Amino acid sequence: MISIAAFWILSAVAVISALMVVSARNPVHSVLFLILTFFTTAGLFVLLGAEYLAMLLIVVYVGAVAVLFLFVVMMLDIDFVELKQGFMRYLPIGGLVALILFGMFIMVTSARIEAKIDPNMLASPTPDVSITSNAKAIGEILYTNYILFFQLAGLVLFVAMVGAIVLTLQHRQNVKRQSVTAQTARNRKTGVEIAKPKTGEGVSL
Amino acid sequence: MQGLVHDLGAFWGTLAGIGLSLLYLVAVLLTVAFILVFDRKVWAAVQMRKGPNVVGPFGLLQSFADFLKFVLKEIVIPSGANKTVFVIAPVITVLTSFMAWAVVPMAPGWGISNMNVGILYILAISSLGIYGIIMGGWASNSKYPFLGALRSAAQMVSYEVSIGFVIVTVLLLVGSLNLTDIVNHQKAGIWDWHAFSFIGAIVHGGSFAKVALGVVTGLIMFMMLWIFFISALAETNRPPFDLPEAESELVAGYQVEYSATLYLLFMMAEYVNIVFMCAMISIMFLGGWNLPWAEVTNPFIGCLVLYVKIWVIFFLFAMVKAIVPRYRYDQLMRIGWKIFLPTTLVAVAVVGAYVAFFGGNA
């Protein structure tokens with residue numbers, strides 16, 4: 001009973017906030033609604049018994065990706081009116097993409113129910129959720145059968161990261177930089193110079 | 001809580017669960033109230049002052065007086081502020097700080113939720129805490145709060161990384177994401193506490209290679225405790241890492257425009273987070289509710305032991321606040337990314353090797 005109530009509340013909030021993402025006037029509000037959508041989706045995952053996935057969704061998307069979104073959107077000086085003008089123009093394309101995605105969802109879910117179980121899949125079945133936690137189950141399958149894909153995905157992300165750094169890093173000359181080792185290695189002898197100037201002469205620096 | 005629903009039926013079980021959560025909430029709030037006085041008292045003692053000493057015996061009730069003062073004052077919302085976000089921000093901060101407590105087991109069998117991804121839940125919730133601060137800073141529609149919010153978000157994101165890796169080392173040793181499992185893994189005695197597991201490696205014996213790598217791992221875990229401690233300081237915006245508020249440069253950072261109850265919520269959330277970090281340190285590294293020489297099975301004694309540990313670690317937090325001067329922002333970033341991140345990465349590799357080759361300390 002509680003889980004049913006939770007499902008309706010969570011899915012209603014998810015759908016409404018997803019609508020608000022595209023219809024909110026202020027882009028910052030849009031991002032905040034996006035975060036709410038992620039959060040409620042994670043709640044739905046918990047209801048499905050996929051708590052590991054739910055936590056990962058929050059850690060990765062809400063904790064890292066959406067923070068960057070929010071950063072960027074907050075820093076930009078956006079003309080809200082101009083932003084809204086393209087809405088009707090892009091509506092057909094956006095609607096088409098949404099429709100295709102929705103069709104794919106339906107195809108995937110119905111395929112899962114109808115398809116006969118592949119004997120190759122049965123050769124290494126994932127353990128039942130009742131005997132293992134799903135963090136363990138995902139780990140066991142991710143680091144054995146899918147190790148190549150897992151590592152390749154990591155590599156792709158790594159390349160992307162290196163690319164971003166290469167694109168933005170500039171070695172500028174004539175910029176004063178701090179040397180932390182030099183700073184911490186300073187002691188009384190190197191840091192202080194005692195000068196005893198004669199009266200009327202001063203010190204040459 | 002699932003157990004309650006199972007034992008008492010859906011309605012009474014839910015009601016009992018809500019009651020339990022409220023009890024937990026009140027306990028945490030009372031702890032925060034007294035720990036705040038304790039914090040100020042320690043600070044005062046270091047500076048040879050008396051600290052709060054007017055309200056109640058030894059000033060013990062100072063926090064309650066402050067609470068009343070905050071609640072009775074007027075909430076000022078700047079006219080240029082984004083009102084909804086402005087009000088929601090502190091509420092989110094305080095909510096997430098309390099949500100994290102849901103998985104903390106206070107004693108054997110005592111806790112609201114004993115979920116098997118407890119640690120991940122904590123990571124997830126603590127990453128949500130940033131939003132309150134960013135939203136507060138942005139919604140104030142003023143430069144100082146915005147700068148403070150940006151600083152604070154960058155700081156929290158940076159130190160979450162090293163906190164995550166430190167937690168991974170503990171998880172590797174325990175082999176579970178459940179907080180109760182983590183405590184039970186350290187139940188034998190002080191030599192099995194993760195902070196002192198280099199003693200445990202010698203006590204448990206085995207081949208020379210196992211003992212040697214075990215001692216190295218143990219020493220690394222001892223280091224991890226301090227990295228976690230320092231990262232916790234940064235994560236909760238405690239001095240010496242209180243750059244988000246940096247009253248000398250940014251007035252008070254993201255909370256400049258906040259007054260009365262809304263400010264109270266921010267401050268309360270900060271202290272709830274600090275107490276939470278103290279609890280996490282005791283659970284992950286210092287044996288949780290177990291005594292140094294024996295396992296504790298009585299929940300009342302266990303709760304008391306964990307509580308004492310929380311206060312002892314908070315004393316360290318308070319002393320750091322009193323003694324260490326504030327860091328510069330680039331130094332803070334340097335420590336987080338250039339020192340803690342590589343160190344913890346190497347630590348994960350070494351601990352992982354120990355667990356993979358010798359099966360850990362079990």
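Keep in mind that the numbers below use all heavy atoms, side chains included, and drop hydrogens, waters and symmetry copies. To find a chain, count down the sequence lines: A is the first, B the second, and so on, and within it residues start at 1. Bear in mind the structure is a predicted one, so any value in this text is a computation, not a measurement.
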> Applying the side-chain contact (heavy atoms from CB on, under 4.5 Å) test to Pro90(B), which of Leu265(B), Ile133(B), Leu95(B) qualifies?
Replying inline: Leu265(B)
> Looking at Thr169(B), Val170(B), Val168(B), which hits side-chain contact (heavy atoms from CB on, under 4.5 Å) with Leu172(B)?
Replying inline: Val168(B)
Looking only at heavy atoms, what is the nearest atom pair of [X] and [Y], with distance?
X: Leu47(A); Y: Ala6(A); answer: CD1-C, 3.9 Å
X: Ala89(B); Y: Gly132(B); answer: CB-O, 3.3 Å
X: Ala149(B); Y: Ile134(B); answer: CB-CA, 3.9 Å

Contacting region of [X] [heavy-atom separation from chain B under 4.5 Å]:
X: Leu57(A); result: neither
X: Val180(A); result: side chain
X: Ala64(A); result: neither

>> So if I take each residue of residues 34-42 of chain A and look for any heavy atom under 4.5 Å from a heavy atom in chain B, which residues do I end up with?
In response: Ile35(A), Phe39(A)
Would you find a donor on one side and an acceptor on the other, under 3.5 Å apart, between the side chain of [X] and the backbone of [Y]?
X: Ser142(B); Y: Pro145(B); answer: no
X: Tyr131(B); Y: Val67(A); answer: yes
X: Gln155(B); Y: Ala234(B); answer: yes
X: Gln331(B); Y: Arg328(B); answer: yes

> Among Val85(B), Leu177(B), Leu150(B), which has the most heavy-atom pairs under 4.5 Å with chain A?
Replying inline: Leu150(B)
> For the candidates Val157(B), Ile130(B), Leu128(B), Asn178(B), which exhibits the highest count of non-hydrogen atom pairs separated by less than 4.5 Å from chain A?
Replying inline: Leu128(B)
>> Between Leu120(B) and chain A, with a heavy-atom cut-off of 4.5 Å, which part of the residue counts as in contact: side chain, backbone, both or neither?
In response: both
> chain A heavy atoms under 4.5 Å from Leu123(B): which part of the residue, side chain, backbone, both or neither?
Replying inline: both
>> Which one wins on heavy-atom pair count under 4.5 Å against chain B: Ile58(A), Val60(A), Leu56(A)?
In response: Ile58(A)
> Parallel under 30°, tilted from 30 to 60°, perpendicular over 60°: which one fits the rings of Tyr159(B) and Phe241(B)?
Replying inline: tilted
